[in-house]
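Heads up: the structure comes next, in structure tokens.
Naming: A, B, ... by sequence-line order, numbering from 1 per chain. Values below: all heavy atoms of this structure, side chains included; hydrogens, waters and symmetry mates excluded. Just so it is clear, the model here is predicted, and its values are computed rather than measured.
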Number of protein chains: 2
Amino acid sequence: MGRGPRWCHARFRNFGYKMTQPREIILDVLSRTKKHLSAEDIYIEVYKIYPGIGLTTIYRTLDILTNMEMVSRYDFGDGRSRYELISDKKSEHHHHLICLNCGKIIDYNDYIDEETKLFDKLEKVLSEKHNFKINYHHVGFYGLCDKCKSTTSS
Amino acid sequence: MGRGPRWCHARFRNFGYKMTQPREIILDVLSRTKKHLSAEDIYIEVYKIYPGIGLTTIYRTLDILTNMEMVSRYDFGDGRSRYELISDKKSEHHHHLICLNCGKIIDYNDYIDEETKLFDKLEKVLSEKHNFKINYHHVGFYGLCDKCKSTTSS
DNA sequence: CTCCTAAATGATAATGGTTTTCATTTTCAA
DNA sequence: TTGAAAATGAAAACCATTATCATTTAGGAG
């Protein structure tokens with residue numbers, strides 16, 4: 001997705017939105033990380049550059065970006081949503097390992113071709129069978145990471 | 001999982017929990033539905049049979065059942081968790097289609113064998129590669145259901 | 001069966017992420 | 001440059017979930 005500010009500006013326009021400084025900075029923060037940031041994480045980063053920012057604007061911008069399909073929203077079950085810029089590169093498609101103890105998230109794309117093949121087939125079959133328009137899918141493996149496996153008593 | 005009250009009672013004991021009437025009723029409600037109930041949904045159902053019930057008990061029991069791996073908790077992104085009794089029958093293993101507009105959830109198990117095969121392999125590879133103990137995985141397809149597809153303007 | 005203690009319960013209050021409200025500021029096309 | 005629509009941010013509201021705590025209950029010991 002990272003085609004620079006020019007491209008983003010046009011895209012915002014196309015969706016009937018205006019490009020503003022807060023939005024630019026939020027996009028910038030998202031593009032500079034590989035982590036899965038929460039709204040507050042993003043707020044803290046944006047605040048360093050633009051202290052006038054309000055948490056509300058973060059939420060509103062993330063909603064817009066999600067609707068524009070520039071950002072994925074994930075619910076990993078820790079009570080807050082996490083956001084990730086969608087890459088335009090197919091090679092960066094990935095899914096997640098989520099640690100139930102510490103919340104650590106690992107991206108993986110092993111066997112992604114096999115997965116893609118199966119999921120393409122599934123999407124086709126399911127969308128026809130249930131007359132369902134599928135926009136995207138989420139896959140997550142939940143468990144205990146390296147550290148928590150040895151630390152946790154459970 | 002539905003091996004009757006006798007079996008559940010023993011299982012509770014084994015985990016150091018006591019079997020109580022609220023817990024029995026909650027299990028009963030869960031076993032009588034194929035839907036993906038929220039805590040409040042469950043509260044409403046239990047209330048019909050046992051009006052003394054408190055919402056706190058629903059949450060606590062669901063936590064216990066989740067830890068005992070008798071129940072799956074899902075976050076489909078609508079701001080509330082949903083719960084589903086885990087079946088002991090392999091044939092009832094399934095994943096979900098979630099409507100982003102109305103929240104309708106459809107279970108599917110097409111190509112579940114192929115999926116299982118791929119996921120078993122993935123779990124093996126990923127758990128070794130990242131030294132990660134995988135407990136379970138979630139797969140969800142998000143989009144618009146039959147009705148919402150024709151209704152929604154977006 | 002009766003007691004006793006730890007566990008469970010439920011009413012209430014608190015928490016915390018997210019959304020709404022609304023007066024003010026900003027964008028951008030004319 | 002200007003004006004109308006869109007965006008912003010501070011504050012309050014919302015609402016699912018969790019913590020607190022006094023009371024009740026389950027179920028093993030005797």
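- Of all nucleotides listed (C:dG17, C:dT20, C:dT9), C:dG17 comes nearest to the side chain of A:Arg80.
- Summarising the geometry of B:Cys145 relative to B:Cys102, their closest heavy-atom pair is SG-SG, 3.9 Å, with the distance given to 0.1 Å.
- One finds a salt bridge joining A:Lys89 and A:Glu92 here, because a Lys/Arg side-chain nitrogen approaches an Asp/Glu carboxylate oxygen to under 4.0 Å.
- Checking the phosphate oxygens (OP1, OP2) of C:dT9, no side-chain nitrogen or oxygen of B:Thr56 falls inside 4.0 Å.
- Side-chain atoms of B:His138 and B:His95, non-hydrogen and from C-beta on, never get closer than 4.5 Å to each other.
- Side chains of B:Leu30 and B:Leu65 form a contact here, defined as non-hydrogen atoms less than 4.5 Å apart.
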Run the numbers on B:Tyr17 and B:Arg11 for side-chain contact (heavy atoms from CB on, under 4.5 Å), then give the verdict.
CA-CA 9 Å; B:Tyr17 298 121; B:Arg11 191 164 171 88; over 6 Å; no
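- The end-to-end axis angle of the helix from C:dC1-D:dG30 to C:dA30-D:dT1, rounded to 10 degrees and based on five pairs per end, is 30°.
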Starting at the 5' end of nucleotides 25-30 of chain C, put B wherever the base has a protein heavy atom under 4.0 Å, S where only the sugar-phosphate does, and a dash everywhere else.
--BSS-
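- If you check every strand for non-hydrogen atoms under 4.0 Å, B:Arg23 touches sugar and phosphate atoms only.
- The closest side-chain donor-acceptor pair between B:Glu115 and B:His94, if any, does not fall under 3.5 angstrom.
- The ring pair (Phe, Tyr, Trp, His ring centres under 6.0 Å) pairs that include a residue from residues 109-135 of chain A are A:Phe119-A:His137, A:Phe119-B:Phe141, where partners are two or more places apart or lie in different chains.
- Here B:Ser81 lies in heavy-atom contact (under 4.0 Å) with sugar-phosphate atoms only.
- At the heavy-atom level, A:Tyr50 lies under 4.0 Å from the strands shown only through sugar-phosphate atoms.
- Atom C1' of nucleotide C:dA8 and atom CD1 of B:Ile25 are separated by 14 Å, given to the nearest angstrom.
- Nucleotides of DNA chain D with any atom under 4.0 Å from a heavy atom of chain A span, from 5' to 3', D:dA5 to D:dA11.
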N/O donor-acceptor pairs under 3.5 Å from side chains in residues 46-63 of chain A, not counting sequence neighbours:
{"unit_1": "A:Lys48", "atom_1": "NZ", "unit_2": "A:Glu45", "atom_2": "OE2", "d": "3.0"}
{"unit_1": "A:Thr61", "atom_1": "OG1", "unit_2": "A:Thr57", "atom_2": "O", "d": "2.8"}

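- Look at A:Lys34 and A:Asp107 and you find no salt bridge, because none of the NZ, NE, NH1 or NH2 atoms lies under 4.0 Å from a carboxylate O.
- The hydrophobic cluster containing A:Tyr142 also includes A:Tyr74, A:Phe76, A:Ile98, A:Leu100, A:Ile105, B:Tyr136, under a criterion of side-chain heavy atoms closer than 4.5 Å among ILVMFWY residues, counted directly or through chains of members.
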